[in-house]
**Q** 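What follows is a single structure, and I will ask about it in a moment.
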Amino acid sequence: FDNLDPNGSYKVVELSAPTGWIKSDTVFTVTFYNGAVQQLSGAGAVLGEDGHSVYITIDNPQPTVWVEGIKYGISADDTRNPLAGATIGIFDSSVTEYTAANALDTTITGTDGSFRFDSLNPNGSYKIVELAAPTGYAKSDTVLTARFQGGTAVDGDGDHFEFEIENYQYAANLRIIKADENGSLLNGVTFGLFSENAAEYTSANAIRTAVTSNGECVFQDVPYGNY
């Protein structure tokens, strides 16, 4: 600012910041007397060597934006619980091949199923993809998108996005046929399904029991595991 009153007193304030930057709230004050700087305040204001000018440096930080979420495992009985051990990747929006090598960053969900990506571009566009599921669960193919504009999450939650990703647990049906030595089907025979670590095989200790009808019984939707 030139041609100021040589005996004037002024304040210098930033009115607006460039897109994607946070406006500074610093108020700089300068007072002139007979053309010389008599008083100066504000972090970043420096008196010129001639004593008649002021140099001001104003810092604009970028907004902090992030992406976070929870990973849930869906069991065969539709129970929904946080799921640890899933690998999640974040990608530039232009990427179409989702591998760890192409990811900007990867993380593994914690015991509470949570994941988070920080230090993102306040004007960036991203994709969030599951790269690997925990053992016993099917990987999700969902591609999530997150776009920030000027530090604001577009269609998000202010300065961040919150997502949920679901993994369905693998399950199978176990069919048992019961027959005598002549091949005749036997009814009313009780079978138990036990953990691989079970040491005592009783109905009380069984995960489930089933009784043969027409010579067969079925354990349905048995989750991935050893029995």
**Q** So which atom in A206 and which in G192 form the shortest heavy-atom distance, rounded to 0.1 Å?
**A**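 Smallest interatomic distance, heavy atoms only, reads CB-CA, 4.3 Å.
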
**Q** To the nearest 0.5 Å, tell me how far T135 OG1 sits from Y170 OH.
**A**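 Reported value, rounded in 0.5 Å steps: 10.0 Å.
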
**Q** Please step through side-chain contact (heavy atoms from CB on, under 4.5 Å) for the pair L193 and Y227, ending with a clear verdict.
**A** CA-CA 7 Å; L193 182 69; Y227 300 91; 3.8 Å; yes

**Q** Between V27 and I58, is there a shared hydrophobic cluster once you connect ILVMFWY residues whose side-chain heavy atoms come closer than 4.5 Å?
**A**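 Hydrophobic grouping puts V27 apart from I58.
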
**Q** Side-chain heavy atoms under 4.5 angstrom apart, residues restricted to Ile, Leu, Val, Met, Phe, Trp, Tyr: same cluster for V12 and L40?
**A**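 Cluster IDs for V12 and L40 match.
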
**Q** State, to 0.1 Å, how close T31 and S9 come at their nearest heavy-atom pair, and which atoms those are.
**A**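 Answer, listing the atom of T31 first, then S9: OG1-OG, 3.0 Å.
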
**Q** Show the nearest heavy-atom pair for residues S114 and D112, with the distance to one decimal.
**A**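 What the structure gives for the nearest pair is OG-OD1, 2.7 Å.
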
**Q** Would you say S41 and F28 make side-chain contact, with heavy atoms under 4.5 Å?
**A**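 No. Closest side-chain heavy atoms not under 4.5 Å.
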
**Q** Give a yes or no answer on whether the side chain of N123 reaches the backbone of Q149 with a donor-acceptor pair at less than 3.5 Å.
**A**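 Judged by distance alone, no pair lies under 3.5 Å.
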
**Q** Take atom OH of Y33 as the centre, draw a 6.0 Å sphere, and report whether it contains more than 12 heavy atoms from other residues, nucleotides or ligands.
**A**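 No, because the 6.0 Å sphere around OH of Y33 holds 12 heavy atoms or fewer from other groups.
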
**Q** Determine whether Y10 and F1 fall in the same hydrophobic cluster, where Ile, Leu, Val, Met, Phe, Trp and Tyr are linked whenever their side-chain heavy atoms lie under 4.5 Å apart.
**A**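 Cluster IDs for Y10 and F1 match.
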
**Q** With ring centroids as reference points, do F148 and F161 lie under 6.0 angstrom apart?
**A**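 F148 vs F161: aromatic centres under 6.0 Å.
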
**Q** With a 4.5 Å heavy-atom cut-off, do T57 and V46 have their side chains touching?
**A**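 Not in contact.
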
**Q** Walk me through whether Y168 and E166 qualify under side-chain contact (heavy atoms from CB on, under 4.5 Å).
**A** CA-CA 7 Å; Y168 285 86; E166 294 181 335; 3.7 Å; yes

**Q** Regarding D78 and R80, does a basic nitrogen lie under 4.0 Å from an acidic carboxylate oxygen?
**A**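 Salt bridge flag = no for R80 with D78.
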
**Q** Verify the cluster assignment for F191 and L186: are they in a single hydrophobic cluster under the rule of side-chain heavy atoms below 4.5 Å apart?
**A**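 In one cluster with F191: L186, yes.
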
**Q** Say whether, by atom type as modelled, one donor and one acceptor occur between the side chain of D221 and the main chain of A171 under 3.5 angstrom.
**A**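 Flag not set: sc D221 to bb A171 has no pair under 3.5 Å.
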
**Q** Could you grab the distance from atom OG of S140 to atom OH of Y72, nearest 0.5 Å is fine?
**A**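 Rounded to the nearest 0.5 Å, the OG-OH separation comes to 14.5 Å.
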
**Q** Test your reading of the model: is there a side-chain donor-acceptor pair from N187 to the backbone of N214, 3.5 Å cut-off?
**A**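 Judged by distance alone, yes, a pair lies under 3.5 Å.
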
**Q** Do S93 and S125 have side-chain N/O donor and acceptor atoms under 3.5 Å apart?
**A**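 No pair is found: no donor N or O on one side chain lies under 3.5 Å from an acceptor on the other.
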
**Q** Regarding T209 and S203, do their side chains bring together a donor and an acceptor under 3.5 Å, going by distance alone?
**A**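 Their side chains do not contain a donor-acceptor pair, so the 3.5 Å distance test is not met.
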
**Q** How about F194: does its CZ atom have over 12 heavy atoms from other parts shown lying under 6.0 Å from it?
**A**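 More than 12 heavy atoms, drawn from other residues, nucleotides or ligands, come within 6.0 Å of this atom.
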
**Q** Of all residues at least two apart in sequence or in a different chain, which pass the ring pair (Phe, Tyr, Trp, His ring centres under 6.0 Å) check with F115?
**A**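 For F115, no residue satisfies ring pair (Phe, Tyr, Trp, His ring centres under 6.0 Å) once neighbours in sequence are set aside.
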
**Q** Between E14 and N60, does any side-chain donor sit less than 3.5 Å from a side-chain acceptor?
**A**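 A pair is found: one side chain offers a donor N or O, the other an acceptor, under 3.5 Å apart.
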
**Q** Would you say T145 and Y126 make side-chain contact, with heavy atoms under 4.5 Å?
**A**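 Heavy-atom side-chain distance check fails, nothing below 4.5 Å.
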
**Q** Quick check: closest heavy atoms across A84 and P134, and the distance to 0.1 Å?
**A**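 Looking at all heavy atoms of both residues, the closest pair is O-CG, 3.2 Å.
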
**Q** Do Y137 and I74 have side chains that approach each other closer than 4.5 Å (heavy atoms only, starting at C-beta)?
**A**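 Sidechains of I74 and Y137: no contact.
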
**Q** Determine, step by step, whether N182 and S184 satisfy the side chain to side chain donor-acceptor pair (under 3.5 Å) criterion, reporting the C-alpha distance in whole Å, the side-chain angles of both residues, the deciding distance to 0.1 Å, and the verdict.
**A** CA-CA 6 Å; N182 298 316; S184 299; 5.5 Å; no

**Q** Within a reach of under 6.0 Å around CD of E49, are more than 12 heavy atoms found that belong to other residues, nucleotides or ligands?
**A**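 No, the 6.0 Å shell around CD holds no more than 12 heavy atoms from other groups.
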
**Q** So, does H160 use its side chain to make a donor-acceptor pair with the main chain of W66 at under 3.5 Å?
**A**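 Here the side-chain-to-backbone pair does not exist.
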
**Q** Any luck finding a side-chain donor-acceptor pair between D92 and S94 under 3.5 Å?
**A**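 S94 and D92 do have a side-chain donor-acceptor pair below 3.5 Å.
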
**Q** Would you say the side chain of L131 lies within less than 4.5 Å of the side chain of T106, judging by non-hydrogen atoms?
**A**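 Side-chain contact under 4.5 Å: yes.
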
**Q** If hydrophobic clusters are built from ILVMFWY residues whose side chains come within less than 4.5 Å, do I88 and I90 share one?
**A**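 Yes, because I88 and I90 connect within a single hydrophobic cluster, where side-chain heavy atoms sit under 4.5 Å apart.
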
**Q** Rounded to the nearest 0.5 Å, how far does CG of N34 lie from CG of N7?
**A**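 Rounded to the nearest 0.5 Å, the CG-CG separation comes out at 5.0 Å.
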
**Q** Of V218, I176, V189, I177, which is the lone residue that meets side chain to side chain contact (heavy atoms under 4.5 Å, CB included) with T212?
**A**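 Running side chain to side chain contact (heavy atoms under 4.5 Å, CB included) over V218, I176, V189, I177 with T212 returns exactly one hit, V189.
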
**Q** Strictly below 4.0 Å, N to O, side chains only: are E216 and K178 in salt-bridge contact?
**A**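 No, no charged N to carboxylate O under 4.0 Å.
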
**Q** Would one find more than 12 heavy atoms of other residues, nucleotides or ligands at under 6.0 Å from atom CG of N3?
**A**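 At most 12 heavy atoms, drawn from other residues, nucleotides or ligands, come within 6.0 Å of this atom.
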
**Q** Could you measure the distance from the CD atom of Q220 to the CZ atom of R175? Nearest 0.5 Å is fine.
**A**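 Answer for the CD-CZ pair, Q220 versus R175, is 12.0 Å.
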
**Q** Surrounding CG of D50 (heavy atoms of other residues, nucleotides or ligands, distance under 6.0 Å), is the total greater than 12?
**A**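 Check passes, neighbour count above 12.
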
**Q** Would you name the heavy atoms of P82 and G113 that are closest together and state the gap between them?
**A**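 Smallest heavy-atom distance, with atoms named: CB-N, 4.0 Å.
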
**Q** Just how far is it from atom CG of N81 to atom OG of S75, taken to the nearest 0.5 Å?
**A**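 Here the interatomic distance stands at 7.0 Å.
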
**Q** With a 4.5 Å heavy-atom cut-off, do L144 and V129 have their side chains touching?
**A**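 No. Closest side-chain heavy atoms not under 4.5 Å.
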
**Q** Would a distance-only check, ignoring hydrogens and angles, find a side-chain to backbone donor-acceptor pair under 3.5 Å from N102 to E97?
**A**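 Yes, the answer is positive, given that a donor and an acceptor are paired below the 3.5 Å cut-off.
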
**Q** Partners of F91 by ring pair (Phe, Tyr, Trp, His ring centres under 6.0 Å), sequence neighbours excluded?
**A**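 Scan of F91 (ring pair (Phe, Tyr, Trp, His ring centres under 6.0 Å), adjacent residues dropped) gives Y98.
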
**Q** Going from CG on D105 to CG on L120, what distance comes out if it is rounded to the nearest 0.5 angstrom?
**A**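 Answer rounded to 0.5 Å: 9.0 Å.
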
**Q** Between S195 and I207, what is the shortest heavy-atom contact and its length?
**A**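 Closest pair (atom of S195, atom of I207, distance): N-CD1, 3.5 Å.
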
**Q** Check each of I56, L4, V37 against V30 using the side chain to side chain contact (heavy atoms under 4.5 Å, CB included) test, and report the only one that passes.
**A**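 Testing each of I56, L4, V37 against V30, the sole residue satisfying side chain to side chain contact (heavy atoms under 4.5 Å, CB included) is V37.
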
**Q** F219 ring centre to R208 NZ or CZ under 6.0 Å, with the angle to the axis within 45°?
**A**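 The answer is no, since R208 fails at least one limit relative to F219.
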
